[in-house]
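Only heavy atoms go into these numbers, but all of them, side chains included; no hydrogens, no water, no symmetry mates. A note on names: the letters A, B, ... follow the listed sequences, proteins ahead of strands, and every chain is numbered from 1. Given the structure is predicted, the values throughout are model-derived calculations rather than measurements.
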Amino acid sequence: MELQTLTTIVVGLTFALYIGIAIWARAGTTGEFYAAGRGIHPVANGMATAADWMSAASFISMAGLIAFKGYDASIFLMGWTGGYVLLAMLLAPYLRKFGKFTVPEFIGDRYYSQTARIVAVICLIVASITYVIGQMKGVGVAFSRFLELDYDTGLYTGMVIVFIYAVLGGMKGITYTQIAQYCVLIFAYTVPAVFISLNLTDNPIPQLGLWGSLSDGTPLLQKLDATLVELGFAEYTAQKGGTLNMVAYTFSLMIGTAGLPHVIIRFFTVPKVRDARASAGWALVFIGILYTTAPAVGSMAFYNLAKTVQPGPVAAADGALEYEARPQWFKNWETTGLLTFNDKNGDGRIQYRNGDTNELKVDRDIMVLANPEIAKLPNWVIALVAAGGLAAALSTAAGLLLAISTSISHDLMKGIFMPDISEKGELMAARVAMAGAILVAGYFGLNPPGFAAQVVALAFGLAASSIFPALMMGIFNKRVNNTGAVAGMLAGLGSTLIYIFWFKGWFFFPDTAMAANTPDNHFLGIAPEAFGAIGAIINFATAIVVSKLTAPPPEHIQHMVEDIRIPKGAGAGIDH
Amino acid sequence: MSTPQETSGQAYWRANIRLVMIHLAVWAFVSYFCGIILRPALSGIAIGGTDLGFWFAQQGSMLVFIAQIFIYTAQMNKLDRQYDVHED
């Protein structure tokens, strides 16, 4: 069957599945819409959390990022997984015990302050909107690359699908679709990885193949190092960036992950406090399957690519591949613009080098997207990768949209502006907010702001510097009061924003940057993306000092903190 | 164990904090230390074409993270019962 038809069928089937689930899992109450009735099994929630967390970027771009950065990309691997340890031990069980529906709601109640709640809502909405734009773009890109639909049509299709299951089912519908989406995306990711690992290292398990040897007995990573050095690049396994920056970057990603509201609210759906802990473990198992496969895919696909274009020695005139002799997959991906060849020296051969003599531009997404073709896998695997990329983008988009809509209907409307709204009215408001959020996300997907690539740093920076410290102190430090928490959040947020804008331009207008974004200009060599770690420290310090200087929190708040620290009595939260 | 003035909830919390501190120390050791800061010191230990620090950074720390969460969960389930603060 032709690839185009096959891809349409596979993608169509997965979409039909998601809609079927939506109709089966409609939400009838706010409890179901916000927290799936708190009836999700911890393993199921772990799977849904994994799909919620792993975005279009994790699926499509991460392996390529690892391929080009080598060892330095370890910050993403450790940073995006280590946050789950923090969730399991510092946040998830206590927020589940608190038994309410949104992250700003905890911050508002714990710090007995509407201001704190509003600051949290603003952080949540900015972080989630910036993040969701990337997902909508991912949907459009996946459609246009695999189905040759144009970008806009692809984006509209994605919006309609999310609209159906998120508006109908809320958290309940999203949870079950995310479970299905996880299965699709992990299958699509691992099948090509198994084959590429088998081809190169004779080991069907990519996690072991990464440390294995090629047919000539040389270890893969050693050969890759040598190949890259020959082409003029730094060694794959060598450290290129500063050590302090790596540490700060990893720490920012870890606490940012733990502070992202769309991840936290997933832990409100399990029945018990102990389920919240176990569920974080399962989430990391399911995430780990992809995250431990990615370094294998990155290094192996990169090695394949380098060997394809440079089959012979670099010194030899005929060492580089003749352009006319390039393989079919190369031609396919040239048409998408992910591979571009510019014959600078006019010899008809593809010189892939570091520096000015380079003739081949490689987009990092190709490491995942072209993998099945490079490994000569059948067409149905290629179709599956398309469905997997869409599943990754849609599942994350839905989780983010839910976090946005619940904080509008529950925190802003029910919590602040219309406290007397009925349960039915609130449910309707949540659905309308969801529809509105989808339209806003779609608008930005169609008209991506120029700074779209920069904003993920912003989302993690906000979560790391404002939300994570406020939540952690709310549980672990009874002495932190309303003034301290608000001052801390603003100080953390403000310092992080200023640092990011300083190097990337105020509100991301590039010509307004105060200094060039280079390690020499950075404070202690810490990149703007890594500054969330410093922002968090500023937040902690400010909150603790200001709280010490002002009155302690009232008695009932201290009792509330004592109560969320123990699992007993969590059932009460369910009826809220 | 709990002193006379201390409620079982407070004793439970102290025991929990102790566990959390130990786990965070391990968490930081495998990622920040073995994976980044101590990598040059561990470079003599070869593993699959590279060195131990690289393994920790790209695979080992993630495996330890997963194990840690399940161990902590089991430890807390035990503490919950020991201090009688468990659900139902």
Side-chain angles (χ1 to χ4, degrees), chain A residues 66 71 73-75 77-79 81-82 84-90 93 207-208 210-213 218-225 236-237 239 243 246-247 250-251 254 271-274 277-278 280-285 287-288 291-292 294-295 299 476 562-563 565-571, chain B residues 7-10 12-14 16-17 19-24 26-28 30-40 43 46-51 53-77 79-81 83-88:
Chain A
I66 300 170
Y71 167 74
S74 311
I75 54 176
L77 294 168
M78 292 188 286
T81 54
Y84 283 84
V85 178
L86 302 179
L87 268 171
M89 297 196 301
L90 305 179
Q207 285 85 347
L208 298 177
L210 176 59
W211 320 105
S213 296
T218 333
L220 166 73
L221 289 170
Q222 215 169 309
K223 188 85 175 202
L224 185 57
D225 277 350
Y236 186 81
T237 58
Q239 181 180 331
T243 300
M246 275 190 85
V247 169
T250 307
F251 190 65
M254 284 184 179
K272 293 179 188 307
V273 173
R274 66 164 183 267
R277 299 183 196 121
W282 286 109
L284 195 52
V285 167
I287 292 167
Y291 273 51
T292 53
S299 56
F476 286 83
E562 274 164 25
D563 184 62
R565 287 176 175 182
I566 58 167
K568 203 174 201 163
Chain B
T7 65
S8 77
Q10 284 162 333
Y12 165 79
W13 188 246
R14 271 199 308 124
N16 176 27
I17 296 287
L19 280 182
V20 169
M21 298 295 248
I22 295 168
H23 278 290
L24 286 183
V26 174
W27 166 84
V30 294
S31 53
Y32 299 107
F33 287 89
C34 296
I36 304 174
I37 298 167
L38 295 180
R39 188 181 173 211
S43 63
I47 172 169
T50 178
D51 54 86
F54 187 90
W55 179 78
F56 267 108
Q58 300 225 333
Q59 190 173 84
S61 54
M62 290 189 273
L63 300 179
V64 174
F65 294 158
I66 293 172
Q68 276 194 288
I69 301 181
F70 284 107
I71 294 168
Y72 175 72
T73 301
Q75 288 170 322
M76 287 307 283
N77 287 345
L79 280 193
D80 289 352
R81 298 207 164 265
Y83 289 94
D84 194 30
V85 293
H86 57 281
E87 298 151 277
D88 48 61

Compare all side-chain heavy atoms of [X] with those of [Y] and state whether any distance is below 4.5 angstrom.
X        : Y         : result
Val85(A) : Tyr72(B)  : no
Met78(A) : Ile36(B)  : yes
Met76(B) : Val273(A) : no
Trp27(B) : Met89(A)  : no

What heavy-atom pair brings [X] and [Y] nearest, and what distance separates the two atoms?
X         : Y         : answer
Met254(A) : Ser31(B)  : CE-OG, 3.9 Å
Gly9(B)   : Ile566(A) : CA-CG2, 4.1 Å
Leu77(A)  : Ala57(B)  : CB-O, 4.3 Å
Lys568(A) : His86(B)  : CG-O, 3.5 Å

Check for a donor-acceptor pair, side chain of Trp211(A) on one end and backbone N or O of Ile47(B) on the other, with a separation under 3.5 Å. no
Report the relative orientation of the aromatic rings in Phe54(B) and Tyr236(A); use parallel for angles under 30°, tilted for 30 to 60°, perpendicular for over 60°. tilted
Residue among Val64(B), Val30(B), Asn77(B) with most heavy-atom pairs under 4.5 Å to chain A: Asn77(B)
What residue, out of Leu63(B), Leu24(B), Ile66(B), has the most heavy-atom pairs lying under 4.5 Å from chain A?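 Winner by heavy-atom pair count: Ile66(B).
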Between [X] and chain A, with a heavy-atom cut-off of 4.5 Å, which part of the residue counts as in contact: side chain, backbone, both or neither?
X        : result
Leu19(B) : neither
Asp84(B) : both
Tyr12(B) : side chain

Reference residue Thr50(B); test side chain to side chain contact (heavy atoms under 4.5 Å, CB included); the match among Leu210(A), Leu220(A), Leu221(A):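 That would be Leu221(A); it is the only one of Leu210(A), Leu220(A), Leu221(A) passing the side chain to side chain contact (heavy atoms under 4.5 Å, CB included) with Thr50(B).
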All side-chain hydrogen bond (donor to acceptor under 3.5 Å, both in side chains) counterparts of Gln207(A), not counting sequence neighbours: Thr292(A), Thr293(A)
Contacts of type side-chain hydrogen bond (donor to acceptor under 3.5 Å, both in side chains), residue Ser74(A), not counting sequence neighbours: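 In terms of side-chain hydrogen bond (donor to acceptor under 3.5 Å, both in side chains), with neighbours along the sequence ignored, Ser74(A) is linked to Gln58(B).
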When the ring centroid of Phe476(A) is compared with that of Trp13(B), is the distance short of 6.0 Å?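 That pair passes the under 6.0 Å test.
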I'd like to verify something: which residue of Asp225(A), Leu87(A), Leu86(A) has the highest number of heavy-atom pairs under 4.5 Å with chain B? Leu86(A)
Can you tell me how far apart CD (Glu562(A)) and CD (Gln10(B)) are? Round to the nearest 0.5 Å.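 Result: 6.0 Å between the selected atoms.
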Can you tell me how far apart CZ (Arg39(B)) and OG1 (Thr243(A)) are? Round to the nearest 0.5 Å.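 Here the rounded value is 10.0 Å.
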Would you mind checking which part of Leu224(A) comes under 4.5 Å of any heavy atom in chain B, side chain (CB onward), backbone (N, CA, C, O), both or neither? neither
Charged N to carboxylate O below 4.0 Å: is that the case for Arg277(A) and Asp80(B)? yes
